[in-house]
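Worksheet: one structure, shown below.
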Amino acid sequence: MANSRLSFLNDSGPKTKHCQKCGCRIPVSSPYDKCMECMKKELFPKVKEFINENDDVNEMVLSQEFGIDRTLIHEWVRDGHLEYKIRKYF
């Protein structure tokens with residue numbers, strides 16, 4: 001019965017997983033214990049601090065440093081939460 005259509009059930013009913021911070025439901029297959037929104041809220045101040053402390057930061061550096069997808073960084077830039085530093089070569 002492991003591969004039956006009822007394999008999503010456990011002894012107490014459907015398997016569910018909830019965010020440890022806000023309690024909203026997250027996919028059972030998610031490797032994280034928090035929802036995307038809570039993870040973004042925790043990660044954003046760290047990313048912003050990293051940008052302020054380092055001069056030559058781009059989306060690739062942020063992606064590698066924090067293990068996040070570049071689309072999230074693009075979202076923060078698009079929404080006006082992050083800005084690229086303008087380098088002056090004088």
Side-chain angles (χ1 to χ4, degrees):
M1 188 166 176
N3 290 334
S4 76
R5 62 182 203 154
L6 300 177
S7 63
F8 69 95
L9 295 174
N10 60 22
D11 293 337
S12 60
K15 293 179 187 175
T16 58
K17 191 172 178 180
H18 294 85
C19 174
Q20 288 183 340
K21 191 157 184 151
C22 72
C24 74
R25 287 182 66 172
I26 55 177
V28 176
S29 60
S30 174
Y32 306 108
D33 293 330
K34 295 178 187 155
C35 68
M36 233 5 155
E37 288 303 312
C38 287
M39 288 181 2
K40 285 185 204 179
K41 287 177 186 174
E42 281 185 11
L43 190 59
F44 180 75
K46 295 175 185 176
V47 170
K48 190 148 183 149
E49 181 180 350
F50 183 82
I51 291 170
N52 289 333
E53 291 177 354
N54 297 281
D55 288 332
D56 198 19
V57 176
N58 60 31
E59 62 193 38
M60 286 299 287
V61 172
L62 291 174
S63 179
Q64 291 172 350
E65 182 71 26
F66 292 96
I68 57 177
D69 194 65
R70 288 186 297 163
T71 56
L72 177 57
I73 299 163
H74 286 287
E75 179 184 322
W76 285 336
V77 170
R78 185 186 64 236
D79 294 344
H81 301 299
L82 290 179
E83 292 180 4
Y84 290 110
K85 288 184 180 180
I86 299 173
R87 287 189 253 171
K88 296 182 180 179
Y89 296 102
F90 297 101

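Computed from a prediction, not measured in an experiment: that's the story for all the values here.
- For the atom pair OG1 (Thr71) and CZ (Arg78), the distance works out to 9.0 Å, reported to the nearest 0.5 Å.
- One hydrophobic cluster, built from ILVMFWY side chains closer than 4.5 Å, cannot hold both Met36 and Phe44; they sit in different ones.
- Taking the side chain as every heavy atom from C-beta outward, Glu75 and Asp79 approach each other to under 4.5 Å.
- Going from atom CG of Leu62 over to atom NZ of Lys48 covers 12.0 Å, rounded to the nearest 0.5 Å.
- Taking all atoms of both residues into account, the shortest heavy-atom contact from Cys19 to Lys34 is SG-CA, 3.7 Å.
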Show, in sequence, the C-alpha distance, side-chain angles and deciding distance for Glu37 and Lys40, and conclude whether the salt bridge (Lys or Arg N to Asp or Glu O under 4.0 Å) test is met. CA-CA 5 Å; Glu37 288 303 312; Lys40 285 185 204 179; 3.4 Å; yes
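- Within a 6.0 Å sphere centred on CZ of Phe66, heavy atoms belonging to other residues, nucleotides or ligands number more than 12.
- Here CG of Leu43 is found 4.5 Å from CH2 of Trp76. Values are rounded to the nearest 0.5 Å.
- Side-chain atoms of His18 and Ile26, non-hydrogen and from C-beta on, never get closer than 4.5 Å to each other.
- For the residue pair Glu59 and His74, the shortest heavy atom distance occurs at OE1-CE1, 3.1 Å.
- Side chains of Lys21 and Met39 form no contact here, defined as non-hydrogen atoms less than 4.5 Å apart.
- Residue Asn58 comes nearest to Val61 through the heavy atom pair OD1-N, 2.9 Å, listed as atom of the first residue, atom of the second, then distance.
- Annotation: side chain of Leu82 is in contact with side chain of Val47 (closest heavy-atom distance under 4.5 Å).
- In this structure, the side chain of Ser63 does not engage the main chain of Asp69 through any donor-acceptor pair within 3.5 Å.
- In this structure, Lys17 places its NZ atom where more than 12 heavy-atom neighbours from other residues, nucleotides or ligands lie under 6.0 Å away.
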